[in-house]
Amino acid sequence: MTIVLTIAVLVLVAIAIWQMTKIFELSQIKADNSQIANDKDNKYNGYLLFGFLIFIYGITIFSFAKYSKFLLPEAASEHGGEYDLLMYISFVIIFIVQTITQALLHYFGYKYRGEKGKKALFYADNDKLEFIWTIIPVVVLAGLILWGLYTWTNIMDVNDEDDPLIVELYAQQFNWTARYGGEDNELGMANVRMIDINKANVLGLDESDPYASDDIITKELHLPVGRKVNFRFRSQDVLHSAYMPHFRAQMNCVPGMITEFSFTPTITTEEMRQNPEVIEKVKRTNKIRAERAALGEPNADPWEFDYILLCNKICGKSHYNMQMKIIVETEEEYQKWLEEQQTFGQTMASMN
Ligand SMILES: [Cu+2]
């Protein structure tokens, strides 16, 4: 409400100033009513150009200083570094080109402003110049694209080398479920048509499939550090997208088909909590939370960093809250946790 009122006041003040200038103009008898820009106008507009240049540089510096802290911490997966490097190099190139071209654009706009008696030079073309400004972007863009394609094929190569852990991520409005292959590391057959809520067969596993009985269904995603994980994604209802920002991983979950993605986690949750950027972020968040607690507002409990799986497709009204905790831990911790979980066979047996 305050924002609406503030905007209304600003608009009214602007209208008032505009009206007053008009009255002032009318009161000047010897006003120059010509619509053609004179040297003074052109010079004035030239300076405004410089003003605008300072504005865009200023807002860039301001954004770097103020918002850099919201960037993700170091990548927690093997391929993440490669991905980040590609992005940062692209950023740097865009930044440099943008800084130089904007300065030139605004400077020449000022330098060649209209002046009485000044005539534009007719200059048809210059092959050498055109060659230079074509070949430089071609080389740079081709380089970026080829490097991007190379990185993309590397990242998207889902194969069974290095004994990967097989995990299914199952999406539905509005939660995630994980399924592990169990002892045999092999997922049992599943289909949404076989979902049987009465028997707690929430993922539609084929009860007659021998691979299914040792599958483990969980509501938390535990991953052993240093082991490759091959994810299979399914969706029950609409398009979802499994987004694991700290691992630089995202894959759409499409009803009626299985999509795949693979990565190797390299940093445990405990180690990531010691990362200086993460410590800073936790500190900032908990400061806000402490303020909320003092005011008796909700969501005020102290927060501890955890990796997270988010839905990154707007899939319905509770989309914003479709998330699952990811815990990266040592092999021993992971095995210990796994042993505490019930297998699908055990769940079924307890239902009968
Ligand atoms: Cu979703």
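For ligands, and for the atoms within them, numbers begin at 1 and follow the listed sequence.
Around the Cu ion (ligand 1), protein atoms of type N, O or S found under 2.8 Å number 4.
Using a cutoff of 4.0 Å between basic side-chain nitrogens and carboxylate oxygens, Glu115 and Arg113 are scored as salt-bridged.
With Arg232 as reference, Ile166 is the one residue of Val167, Ile166, Val158 to meet the side chain to side chain contact (heavy atoms under 4.5 Å, CB included) rule. Results of the side chain to side chain donor-acceptor pair (under 3.5 Å) test with His222 over Lys336, Gln335, Glu329, Lys325 single out Glu329 as the only residue that passes.
Side chains of Ser262 and Lys228: no donor on one and acceptor on the other come within 3.5 Å.
Looking at Asn230, its side chain never comes within 3.5 Å of a backbone N or O of Glu260 through a donor-acceptor pair. For Asp41 (side chain) and Asn38 (main-chain N/O), a donor-acceptor pair under 3.5 Å exists by modelled atom type.
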